[in-house]
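Atoms considered below: every heavy atom in the structure, side chains included; atoms not considered: hydrogens, waters and symmetry mates. Both ligands and their constituent atoms are indexed starting at 1 by order of listing.
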Amino acid sequence: MDPKPLVAVTGASSGIGLATARAFSAAGHPVLMMARRVARMEAEALPRSVCRAVDVRDREAINAAVAEAEALHGPADMIFANAGLARLADISRQDPAEWDEMIDINAKGVMNTVKAVMNGMMARRRGTIVIMSSIAGRKVYPDHTVYCGTKFFTHAVAESLRGYLAGHDVRVVVVSPGVIETEVLSGVTDPDTLAAYRANKAKMGGGIGAEHCAGLILAAYQMPQNALVQEIVLTPTRQTY
Ligand code: NDP
């Protein structure tokens, strides 16, 4: 029997997801790492990790990866529904294909991820579901239109699930970061929006290291099961909006 339970992370190949996988692994947990770039996760070589090429748009792929990791390491006690992308843009110029992509990955992908573990956690009357939102899930920005929509969606889902799962002793944490230093800007295809974002970020003195966000998620998880950190909001000190 593993001394610490299995945890699962989507979007574990870079940024906040990878930092969170590393943090839980360092704390002694076997980690199921899911993303499309499996070689990057395998290169981490985290002890007892299970790395699976999963696109969060594919419900069956998430279910299969979770079932496989649970067969090896026992039930997942935490899942971080983190995978996402930010196709920030001037909405009048944006290709609607980018709307579809964000809605399918950031919004529906979170539901697919939660669904893979929720019933098991309810049956065991324990578990922690961590849902990635954003500061853009609390306020709107003119060049974040559909991205904000997806993050308001995950925020609302997290709040609703928290109420639904409270009576089952399953915790729901929503994470709402401001500017974090990751590969997220690689998803911005609109050059003007990218330039404006970079200029604002420079004014803030840059983003926060992803490991700090991961540390807060681990600390929230390590609270006693009857104590819930409902939301983590982490921004650069100079980020005022
Ligand atoms: P990164 O680009 O570094 O990481 C994004 C991760 O999501 C990658 O591991 C990527 O893996 C994965 N991913 C993207 N699409 C899919 C998919 N279809 N299926 C499976 N995995 C996918 O950026 P971040 O770490 O910043 O992003 C993580 C989350 O944090 C996102 O939801 C983002 O919106 C949110 N966020 C980020 C902030 C920031 O400032 N960085 C602020 C607020 C929220 P792969 O490509 O290998 O599949």
Novice: Can you report which non-hydrogen protein atom sits closest to atom 35 (C) of ligand 1, along with the distance?
Specialist: Met132 CG, 3.6 Å
Novice: Salt bridge or not for Asp192 and Arg93, using N-O below 4.0 Å?
Specialist: yes
Novice: Looking only at protein heavy atoms, identify the closest one to atom 20 (C) of ligand 1 and say how far it is in Å.
Specialist: Val54 O, 3.3 Å
Novice: Is there a side-chain contact between Ile91 and Val146 in this structure, where contact means two heavy atoms from C-beta onward sitting under 4.5 Å apart?
Specialist: yes
Novice: Where do Leu218 and Thr20 land on the side chain to side chain contact (heavy atoms under 4.5 Å, CB included) test, with the steps shown first?
Specialist: CA-CA 8 Å; Leu218 179 63; Thr20 304; over 6 Å; no
Novice: Counting distance only, does the side-chain N/O of Thr10 pair as donor-acceptor with the main-chain N or O of Ala83 below 3.5 Å?
Specialist: yes
Novice: Would you find a donor on one side and an acceptor on the other, under 3.5 Å apart, between the side chain of Asn112 and the backbone of Asp58?
Specialist: no
Novice: Any N or O of Ser186 that comes nearer than 3.5 Å to an N or O of ligand 1?
Specialist: no
Novice: Distance to 0.1 Å, residue and atom name: give those for the protein heavy atom nearest to atom 14 (C) of ligand 1.
Specialist: Arg36 NH2, 3.4 Å
Novice: Suppose we measure from atom 22 (C) of ligand 1 to each protein heavy atom; which comes out shortest, and what is that distance?
Specialist: Ala83 CB, 3.6 Å
Novice: Within the 4.0 Å heavy-atom shell around Gly15, which atoms of ligand 1 are there?
Specialist: 3 (O), 25 (O)
Novice: Tell me, with the steps shown, if Glu98 and Thr189 meet side chain to side chain donor-acceptor pair (under 3.5 Å).
Specialist: CA-CA 10 Å; Glu98 292 198 342; Thr189 60; 2.6 Å; yes
Novice: Which residue and non-hydrogen atom of the protein lie closest to atom 18 (N) of ligand 1, and at what distance in Å?
Specialist: Asp55 OD1, 3.0 Å
Novice: May I ask you to identify, for Asn82, whether its side chain, its backbone, both or neither come under 4.0 Å of ligand 1 on a heavy-atom basis?
Specialist: both
Novice: Out of Thr182, Thr154, Thr150, who gets a non-hydrogen atom closest to atom 26 (O) of ligand 1?
Specialist: Thr182
Novice: Using non-hydrogen atoms of the residue, decide whether Lys151 is closer than 4.0 angstrom to ligand 1.
Specialist: yes
Novice: Any heavy-atom pair between the side chains of His155 and Glu231 that's under 4.5 Å?
Specialist: yes
Novice: Within ligand 1, which atoms have a heavy atom of Ser133 less than 4.0 Å away?
Specialist: 44 (C)
Novice: Should Glu42 and Arg37 count as an ion pair when the cut-off is N to O under 4.0 Å?
Specialist: no
Novice: Got a sec, which residues hit side chain to side chain contact (heavy atoms under 4.5 Å, CB included) with Ala220, two or more places apart in sequence or on another chain?
Specialist: Val229, Ile232
Novice: Should you measure from each heavy atom of Val179, which atoms of ligand 1 turn up under 4.0 Å away?
Specialist: 40 (O)
Novice: How far is atom 19 (N) of ligand 1 from its nearest protein heavy atom, and which residue and atom name does that atom have?
Specialist: Val56 N, 3.0 Å
Novice: Heavy-atom distance to atom 25 (O) of ligand 1: which of Thr20, Ile16, Val9, Thr10 wins?
Specialist: Ile16
Novice: Are Asp143 and Tyr197 linked by a side-chain donor-acceptor pair shorter than 3.5 Å?
Specialist: no
Novice: May I have all residue pairs that pass salt bridge (charged side-chain N to carboxylate O under 4.0 Å, His left out) and include part of residues 115-133, sequence neighbours excluded?
Specialist: Asp77-Arg126, Arg125-Asp169
Novice: How far apart are the closest heavy atoms of Val172 and Arg162, and which atoms are they?
Specialist: O-NE, 3.4 Å
Novice: Kindly identify the option in Val38, Asp104, Val175, Ile180 whose heavy atom sits closest to atom 39 (C) of ligand 1.
Specialist: Ile180
Novice: So which bit of Arg37 gets within less than 4.0 Å of ligand 1, heavy atoms only: side chain, backbone, both or neither?
Specialist: both
Novice: Can you tell me which portion of Arg40 lies within the under-4.0 Å heavy-atom range of ligand 1? Options are side chain, backbone, both, or neither.
Specialist: neither
Novice: For ligand 1, find out whether one of its N or O atoms is nearer than 3.5 Å to an N or O atom of Ser14.
Specialist: yes
Novice: Between the main-chain N or O of Ala76 and the side-chain N or O of Glu70, is there a donor-acceptor pair closer than 3.5 Å?
Specialist: yes
Novice: For Ala12, counting its heavy atoms only, list the atoms of ligand 1 lying under 4.0 Å from any of them.
Specialist: 9 (O)
Novice: Would you say Pro177 touches ligand 1, if touching means a heavy atom closer than 4.0 Å?
Specialist: yes
Novice: What is the nearest protein non-hydrogen atom to atom 9 (O) of ligand 1, stated with its residue, atom name and distance?
Specialist: Ser13 OG, 2.8 Å
Novice: In terms of relative ring orientation, are His144 and Tyr147 parallel, tilted or perpendicular, with 30° and 60° separating the classes?
Specialist: perpendicular
Novice: Given Ala81, Ala86, Ser134, Gly178, which one has a non-hydrogen atom that is nearest to atom 38 (C) of ligand 1?
Specialist: Gly178
Novice: Where on Ser176 is there a heavy atom closer than 4.0 Å to ligand 1, on the side chain, on the backbone, on both, or on neither?
Specialist: neither
Novice: Looking only at protein heavy atoms, which one is nearest to atom 34 (O) of ligand 1, and how far off is it?
Specialist: Tyr147 OH, 2.6 Å
Novice: For the atom pair CE (Met41) and CG (Leu46), what is the distance rounded to the nearest 0.5 Å?
Specialist: 10.5 Å
Novice: Purely on distance, is any nitrogen or oxygen of Gly11 under 3.5 Å from one on ligand 1?
Specialist: yes
